[in-house]
Amino acid sequence: MSVARLVSALQFCPGGCVFGARAPRDPAPSLQSRAFNLLLRLLPFKKQLASAEVVQAHVQKLALDPASFEPTGLGGGVEVTLTKMGGWPVYYTAPASGHEGCNYVMFLHGGGYINEIVPAHWRFVGEMTRKARVCCVVPIYPLAPRATAKDVVPATAELLRMLLEDAGDAKVTVVGNSAGAGLALAACQWLRDRGHRQPSRMLLISPAADASISRPEQVAIAALDPIQDIPGIVEAARLYAGELDVGHPFVSPLNGSFRALAPMTIFSGTRDLLYPDSVDLAARARAVGVPVELHLLREQPHNFALMPTPEGRRARAIILREVA
């Protein structure tokens, strides 16, 4: 089935679309959301993805002056510990009031595999820790081109495997946004292929599921997307792929198998260049029996679930309920 027909069938539902169920129509975007879309266009995000040359210059600059990955903006009521696993820095957060009986979240940040975790990600980690009373595990995975998918995916999966073992009977949820959501999906496919346990659920925010960005309709969507552009995403994916083809499931997990994966909750919006892949991802997973909820909202941008808008707050409320 084409993406257009799938989207039409979903009818854009405000609380998320559960495949196979009738859903109310998606209301118009809020005034705050419309204003935020305008603001995003004034910021430099899209320009940073305007061409391969711009991405290459950005990566070279970061190689000389790496961005900080230290927690900034976690907020009160959160304890944080830094350790190293497999040579990677890994942060653990826990409610300051105590973590006895808490469930776990592994959070994998976005950034196109070339950008470090940022304060907005840490604010989200703090919100999950404090409001859902969970312990968050945040790997600071190495970035491309210094590290590539053939190493990052298995290492991330191994960290998740160890967390699942250590957690015992506690619930473990994997939450990722953008590139981090793509990494989460690839890591869970790696675990499945080796006979390891799956997490309780994957929560995928604007997942980077297909690095080729090759759908014809994505050219038109790119013009509406206030954050992303095709040339820069393709170049970042090339750097992350390294010696692998960009179609390899480590880089483009949409091309992997979906059988026996953890249930998924996916958030996307129709001003997100990647949203057709989210629709396809949901359909392919459901076709092999994986429970899926797709929350697809009209005129919402990439990563809307992390933004200070009514739509973002509603999405985070769903996430907090899922991880608690």
Side-chain angles (χ1 to χ4, degrees), residues 66-111 115-142 155-181 183-184 187-188 197-206 262 265 267 303-324:
S68 172
F69 54 73
E70 294 182 358
T72 302
L74 281 170
V78 177
E79 293 181 351
V80 60
T81 305
L82 172 63
T83 186
K84 280 204 169 185
M85 298 182 71
W88 294 5
V90 179
Y91 285 94
Y92 290 79
T93 68
S97 57
H99 60 272
E100 188 70 27
C102 287
N103 290 319
Y104 291 86
V105 168
M106 175 176 276
F107 177 70
L108 298 170
H109 72 85
N115 290 302
E116 195 52 88
I117 190 169
V118 297
H121 296 134
W122 285 119
R123 285 194 293 273
F124 180 47
V125 169
E127 185 175 9
M128 288 191 289
T129 306
R130 187 170 47 253
K131 294 184 178 180
R133 289 195 49 76
V134 293
C135 295
C136 291
V137 179
V138 186
I140 306 300
Y141 58 87
T156 302
E158 184 62 20
L159 288 175
L160 178 55
R161 184 194 65 78
M162 290 189 287
L163 174 59
L164 287 163
E165 284 189 0
D166 292 344
D169 294 332
K171 181 169 71 174
V172 176
T173 307
V174 181
V175 180
N177 76 289
S178 193
L183 177 56
C188 286
R197 171 187 165 194
Q198 287 285 295
S200 299
R201 196 168 195 91
M202 282 187 270
L203 296 171
L204 308 176
I205 301 167
S206 299
T265 302
F267 298 88
N303 281 336
F304 83 87
L306 301 186
M307 294 180 180
T309 61
E311 292 85 352
R313 287 189 286 273
R314 285 195 293 269
R316 291 196 298 280
I318 294 169
I319 293 169
L320 293 176
R321 288 197 299 270
E322 292 279 11
V323 303

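Just so it is clear, the model here is predicted, and its values are computed rather than measured.
Counting heavy atoms from C-beta on, the side chains of P139 and M106 come closer than 4.5 Å. Counting heavy atoms from C-beta outward, P66 and E116 have side chains that stay 4.5 Å or more apart. Counting heavy atoms from C-beta outward, L108 and V175 have side chains that stay 4.5 Å or more apart. Contact of the L160 side chain with the V174 side chain is registered, since non-hydrogen atoms from C-beta on lie closer than 4.5 Å. Looking at heavy atoms from C-beta onward, L320 lies in side-chain contact with M128 at the 4.5 angstrom threshold. Residues P71 and Y91 meet the side-chain proximity criterion, which asks for heavy atoms closer than 4.5 Å. Contact annotation: the side chain of W122 approaches that of I117 to within less than 4.5 Å [non-hydrogen atoms, C-beta and beyond]. Between E322 and I319, the closest side-chain pair of non-hydrogen atoms is not below 4.5 Å.
Residue pairs meeting the salt bridge (charged side-chain N to carboxylate O under 4.0 Å, His left out) criterion with at least one member in residues 120-136, sequence neighbours excluded, are E127-K131, E127-R316. Judged as a salt bridge (charged side-chain N to carboxylate O under 4.0 Å, His left out), not a single pair has a partner in residues 70-84 (not counting sequence neighbours). Each side-chain hydrogen bond (donor to acceptor under 3.5 Å, both in side chains) pair with one or both residues in residues 155-175, not counting sequence neighbours, appears once here: E158-R161, R161-E165.
For T129, the side chain to side chain contact (heavy atoms under 4.5 Å, CB included) partners two or more places apart in sequence, or in a different chain, are V78, T93, P95, V125, C136. Applying the side chain to side chain contact (heavy atoms under 4.5 Å, CB included) rule to A315 yields the partners F267, F304, A305; only residues at least two apart in sequence or on another chain are considered. Taking A155 as the reference, W88 meet the side chain to side chain contact (heavy atoms under 4.5 Å, CB included) condition, with sequence neighbours excluded. Residues satisfying the side chain to side chain donor-acceptor pair (under 3.5 Å) criterion with N103, sequence neighbours excluded, are absent altogether. Annotation: ring-ring contact (aromatic ring centres under 6.0 Å, His included) contacts of Y141 (sequence neighbours excluded): H109. Partners of F69 according to the ring-ring contact (aromatic ring centres under 6.0 Å, His included) rule, which considers only residues two or more places apart in sequence or in another chain, do not exist here.
V323 and A132 make their closest contact through CG2-CB, 3.7 Å (heavy atoms, listed as atom of the first residue, atom of the second, distance).
Between L306 atom CG and I205 atom CD1 the span is 4.5 Å, to the nearest 0.5 Å.
Within the 3.5 Å criterion, the main-chain N or O of G110 finds a donor-acceptor partner in the side chain of N177.
Ring geometry for F124 versus F107: interplanar angle over 60°, hence perpendicular rather than tilted (30 to 60°).
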